[in-house]
Engineer: 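Please read through the structure below; I'll follow up with questions.
Whatever order the structure lists them in is the order used to number ligands and atoms, beginning at 1.
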Amino acid sequence: MHTVVVGTAGHIDHGKSALVRALTGTDPDRLKEEQLRGITIDLGFAHFTVGDAQIALVDVPGHERFVRNMLAGVGGIDAVMLVVAANESIKPQTREHFDICRLIGIEHGIVALTKTDLVDPNTLDGTIAEIRELTAGSFLQDAPIVPVSAHTGAGIDALARALAGLAGRSPRQHRAGVVRQPIDRVFTIKGFGAVVTGTLVSGAIAVGDTLTVLPEGREIRVRGIQVHGAAATSVAAPQRAAVNVAGVEASSLHRGMTIATPGALTVTSRADVRIELLPSARPLRHGARVRVHHGTTEIFARISVAATRTRRSAPWQPAEVGDALVEVPAGGDVLARLRLEQPGVLTRGDRFVIRSASPVVTVGGGVVLDPEPGTAGVRRHTAAARFAQLDVEDVDRVVTLFLAEAGLKGLRPEDLVRRAGVGPSQAEKLIGRFVSAGSAQMVGDRVFAAAAMQELSSLVETELARFHKVHPRETGMPRETLRGRLARGTDAGLFDATVAGLVARGVAHGSDRVALMSHQPLVESGELRLRQAVEDRLRSAALMPPDTATLAPLLHASPAAIDQAVQALVRDGRLVRMGDMVFHRDPLVVLKREVAGLRSGQPAGARVTLDVGAFKTRHGLTRKHAIPLLEWLDRERVTRRVGDVRIVI
Ligand SMILES: Nc1nc2c(ncn2[C@@H]2O[C@H](COP(=O)(O)OP(=O)(O)OP(=O)(O)O)[C@@H](O)[C@H]2O)c(=O)[nH]1
Ligand SMILES: [Mg+2]
């Protein structure tokens, strides 16, 4: 079954609700007051099926005082049925509704030319010509204009077929793997609890799912789903759905909230946007207070102008600090920051409509470029460059910017989902592309710009060099001291990876204490002399070195000084530690050569073995020294132990 959610649009009394009733048999005007007054006040809903197309209709009020409700209805639709009464032709709300549809990015629709029973053919042609003039150059330019009459029933079948032609497209706000349903109605069913209805604009909901209500962020569980009055186990966008939710009171839910996949949308009081001003609007001033209509909600906001242009093809004019009177000319565009008075639930790519605070008229609309901009002001020269990077179709460029701005904090894939308006799998793919191109690197669950990592690596080197200079006698910089030198918020995993990278590249060494490879700890001459003496003793002891503790009285030094000297010599590779024994390197080199030499003169492939006894005799050793030495030879891959004997490799 192909589905589509279609909204009506058009001037008051032009016959929108009558057409919905003629198409579906349902009266969308469900309120008493609506029936009494014969006008639509709030949204009405109905549905019908033609062939394999299921069409959900959202009927909106035409009255200029209820445009706010109209906006809540069209936020979720993917196609519009613009209704024009043949006898009245284009009227103010025909234009306003049509503008709103354009501004929120609706791309498909049809025109229903209704009340044809009231006009002669000449008037009909005149109205058609005016409709063509209105829609020229817009998404409705080539849309069918279907003449109908709700009273006689003429053309209703053709209208139904034309609507069926709109079904089956991917909804414009769809992101695979992300549920999004702005709430337009809430009610309670005794024994079941809260039910919310709305247009599911993205993703799929199944019974048992855990979702979140935004902007509050409360967790809810889906207890039941109804689609067009019938129980369902799941529902996929685009569709109207009633969702019975557990975990929240109906009284705390209302129109304007959104049900969504946890973490998929930004709850924000700031957004960077591009706005298009209608030619009919008054110029828009920097700092103006406007109504922002988005999803099913209306939020007041102030506009900070970053740049303006007089028309689409004109270059952007950045607004500088001090340009107090910067204005967006009617018909022009603006790059701006919205400062929302209540939290908005946004992601990149979201469309919205702007109405002036008073008089309440539609002045323009726009698209969200970044729902999580930083706190730096927009009226700076650098802001213009940033907007230029945001105001593009190419999401790669936007991710480049987000990565650069994230710096040493990095981004998680879910940050991109929330902020860049992509689905989870697209976010993973994007990151994969950046990583394989070498412009980013994944560390733990975060991705970092390669440039940021390079910068951190240089910073660590600089800090190490500075430390060595101030503490020339220290073997290295304590790891935690080094970590403390980095900018607050630097990802811990990134720090570890950076140090590991420097070690792998041979630039630094150590773990608890980190030092540059080039660093030679400064030693006092007394210390040097002691080291020399320790080394001499151990060298001359050959393969039977004394316990180093016995060196202290012999060399007139404290045990601590001896330990320090031994440690330094081990670090420099002059001494080799084997368990609690310490050997000098020189006799070991000789030993290695001798044992390996046992193979010489033997035919290739012959097995040359060495047992503990023979080894002891040959080198005049006791077991105490022989065993660690043989194990060392194994580790050095000179011998290999097989049972009781060793094979010379
Ligand atoms: N003669 C004739 N009258 C119609 C036709 N369609 C609607 N009407 C009448 O026009 C009036 C307004 O119709 P509605 O369907 O309520 O108009 P609407 O566009 O929904 O109005 P709002 O929702 O208030 O904007 C009603 O009295 C209808 O009976 C039609 O095709 N022919
Ligand atoms: Mg109506």
Engineer: Which heavy atom of the protein is the closest neighbour of atom 18 (P) of ligand 1, given with residue, atom name and distance?
Structural biologist: K16 N, 3.4 Å

Engineer: Within 4.0 Å of atom 26 (C) of ligand 1 (strictly less), any protein heavy atom?
Structural biologist: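 Looking at atom 26 (C) of ligand 1, one finds that no protein heavy atom lies closer than 4.0 Å.
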
Engineer: Applying a 4.0 Å heavy-atom criterion (strictly less than), which segment of L118 is in contact with ligand 1: side chain, backbone, both, or neither?
Structural biologist: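 It is the side chain that touches ligand 1; the backbone stays farther off.
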
Engineer: Which of the numbered atoms in ligand 1 are under 4.0 angstrom from any heavy atom belonging to I12?
Structural biologist: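 That gives atoms 24 (O), 25 (O) of ligand 1.
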
Engineer: Would you mind checking which non-hydrogen protein atom is closest to atom 24 (O) of ligand 1, with the distance to 0.1 Å?
Structural biologist: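 Here the nearest protein heavy atom works out to T40 N, 3.0 Å.
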
Engineer: So, are D209 and R221 salt-bridged, with charged N and O less than 4.0 Å apart?
Structural biologist: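 Here D209 does not pair with R221 in a salt bridge, since their nearest N and O are not under 4.0 Å apart.
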
Engineer: Establish, for the pair R289 and F300, whether the NZ or CZ atom is under 6.0 angstrom from the six-membered ring centre and no further than 45 degrees off its axis.
Structural biologist: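 Judged by the rule (NZ or CZ under 6.0 Å from the ring centre, within 45° of its axis), R289 counts as positioned above F300.
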
Engineer: By number and element, which atoms of ligand 1 are closer than 4.0 Å to a non-hydrogen atom of D117?
Structural biologist: 1 (N), 2 (C), 30 (C), 31 (O), 32 (N)

Engineer: Please list, in number order, the atoms of ligand 1 under 4.0 Å from a heavy atom of A150.
Structural biologist: 6 (N), 30 (C), 31 (O)

Engineer: Considering only heavy atoms of S17, which atoms of ligand 1 have at least one such atom less than 4.0 Å away?
Structural biologist: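 Near S17, the atoms of ligand 1 are 15 (O), 18 (P), 20 (O), 23 (O).
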
Engineer: Atoms of ligand 1 less than 4.0 Å from A18 heavy atoms?
Structural biologist: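 Contacts of ligand 1 toward A18, numbered from 1: 6 (N), 7 (C), 15 (O).
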
Engineer: Output yes if T40 passes the N/O/S-under-2.8 Å test against the Mg ion (ligand 2); output no otherwise.
Structural biologist: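 True for T40.
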
